[in-house]
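Whatever order the structure lists them in is the order used to number ligands and atoms, beginning at 1. Because the structure is predicted, anything quoted here is derived from the model rather than measured.
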Amino acid sequence: MPEPPLAAIYPGSFDPMHLGHVDIIRRAHDIFPRVIVAVLQNTDKTPLLPVATRVDLIERSMAGLGGIEVTSFSGLLVDFMQQSGARVILRGMRAVSDFEYEFQIALMNRRLWAQAETVFLTPNEEFTYLSSRVVKEIWQLGGDVSGLVPGPVFEVLRTLPLPR
Ligand code: PNS
């Protein structure tokens, strides 16, 4: 029986998706035959966008690429990976400041499931300063985020009322 295609999972909050995420997904798509983008349903945080909207925006932003699966998950990432047949975790590594947290969760995930391997991809240098937190802050303060997020995300943010 042929082996199933090597599936890689790109988990995150994507609240909202930005161009650094798009860059990582493109790079992953060039390497892995199956890429699953998985949006965490995190009940601890109050999100800017509901999970269903985030999933929809990722699907629409990546529509031109083809073959990208987008879904949401709750609970442990390693449990979701085993359900979806993925054993590679993709994470973007922008700078040394990302390292400590990323190293910690990579080792923890492997402790939870010995087959889980984390692969770090570096985005194009023009995106090293980009994060969802920074995008959110600029948007909340009425700044221009048009060059920071994909078109579908910009359209949603444009019509969303700014917090008072
Ligand atoms: O985009 P983010 O918020 O940095 O992504 C963090 C994410 C979703 C990758 C991480 O919080 C996660 O995998 N959460 C699921 C819960 C889990 O498996 N925790 C154990 C590993 S620390």
Side-chain angles (χ1 to χ4, degrees), residues 6-29 31-32 34-62 65 68-140 145 148-150 152-154 156-157 160 163:
L6 180 62
I9 200 150
Y10 184 33
S13 304
F14 303 99
D15 188 35
M17 180 190 220
H18 55 67
L19 292 181
H21 293 132
V22 172
D23 185 73
I24 294 290
I25 295 169
R26 287 214 174 104
R27 286 169 198 282
H29 181 259
I31 302 170
F32 294 97
R34 188 174 165 219
V35 176
I36 305 163
V37 182
V39 180
L40 176 67
Q41 293 182 11
N42 190 343
T43 45
D44 296 346
K45 290 191 200 166
T46 309
L48 175 67
L49 301 170
V51 170
T53 305
R54 282 180 263 160
V55 168
D56 176 61
L57 287 174
I58 298 168
E59 276 171 352
R60 290 201 280 129
S61 302
M62 303 315 302
L65 207 54
I68 302 288
E69 298 165 44
V70 188
T71 187
S72 61
F73 77 104
S74 56
L76 285 177
L77 176 62
V78 291
D79 289 343
F80 180 68
M81 290 173 74
Q82 287 166 86
Q83 286 157 27
S84 35
R87 53 169 297 220
V88 174
I89 302 167
L90 297 169
R91 293 289 287 171
M93 182 77 84
R94 289 163 298 193
V96 177
S97 50
D98 283 341
F99 181 79
E100 200 167 323
Y101 171 68
E102 294 298 338
F103 192 64
Q104 183 186 20
I105 63 167
L107 291 180
M108 186 51 78
N109 280 321
R110 202 164 54 192
R111 188 193 159 106
L112 291 169
W113 182 39
Q115 288 185 55
E117 290 294 351
T118 301
V119 171
F120 295 106
L121 297 175
T122 9
N124 190 298
E125 58 271 20
E126 67 180 299
F127 303 127
T128 48
Y129 58 87
L130 250 188
S131 69
S132 296
R133 190 185 58 76
V134 164
V135 168
K136 238 181 296 192
E137 187 169 316
I138 295 170
W139 171 79
Q140 280 168 349
V145 295
L148 307 179
V149 296
V153 176
F154 179 71
V156 165
L157 293 182
L160 207 65

task: Could you pull out all residues at least two apart from Asp15 that satisfy salt bridge (Lys or Arg N to Asp or Glu O under 4.0 Å)?
output: Arg54, Lys136
Gln115: partners by side-chain contact (heavy atoms from CB on, under 4.5 Å), with sequence neighbours left out: Arg87, Trp113
task: Find the distance between OG1 (Thr53) and CE (Met17) and round it off to the nearest 0.5 Å.
output: 14.0 Å
Arg133 side, atom CZ; Ile138 side, atom CD1 - distance, nearest 0.5 Å: 10.0 Å
Pairs of nitrogen or oxygen atoms, one from ligand 1 and one from the protein, closer than 3.5 Å: please tabulate them with distances.
unit_1: ligand 1; atom_1: 1 (O); unit_2: Ser13; atom_2: N; d: 3.0
unit_1: ligand 1; atom_1: 3 (O); unit_2: Ser13; atom_2: OG; d: 2.6
unit_1: ligand 1; atom_1: 4 (O); unit_2: Arg91; atom_2: NH2; d: 3.0
unit_1: ligand 1; atom_1: 5 (O); unit_2: Arg91; atom_2: NH1; d: 3.3
unit_1: ligand 1; atom_1: 18 (O); unit_2: Leu77; atom_2: N; d: 2.8

statement: Sequence neighbours excluded, the answer for side-chain hydrogen bond (donor to acceptor under 3.5 Å, both in side chains) partners of Arg26 is none
task: For Arg94 and Phe127, run side-chain contact (heavy atoms from CB on, under 4.5 Å): C-alpha distance rounded to whole Å, both residues' side-chain angles, the deciding distance at 0.1 Å, then the answer.
output: CA-CA 8 Å; Arg94 289 163 298 193; Phe127 303 127; over 6 Å; no
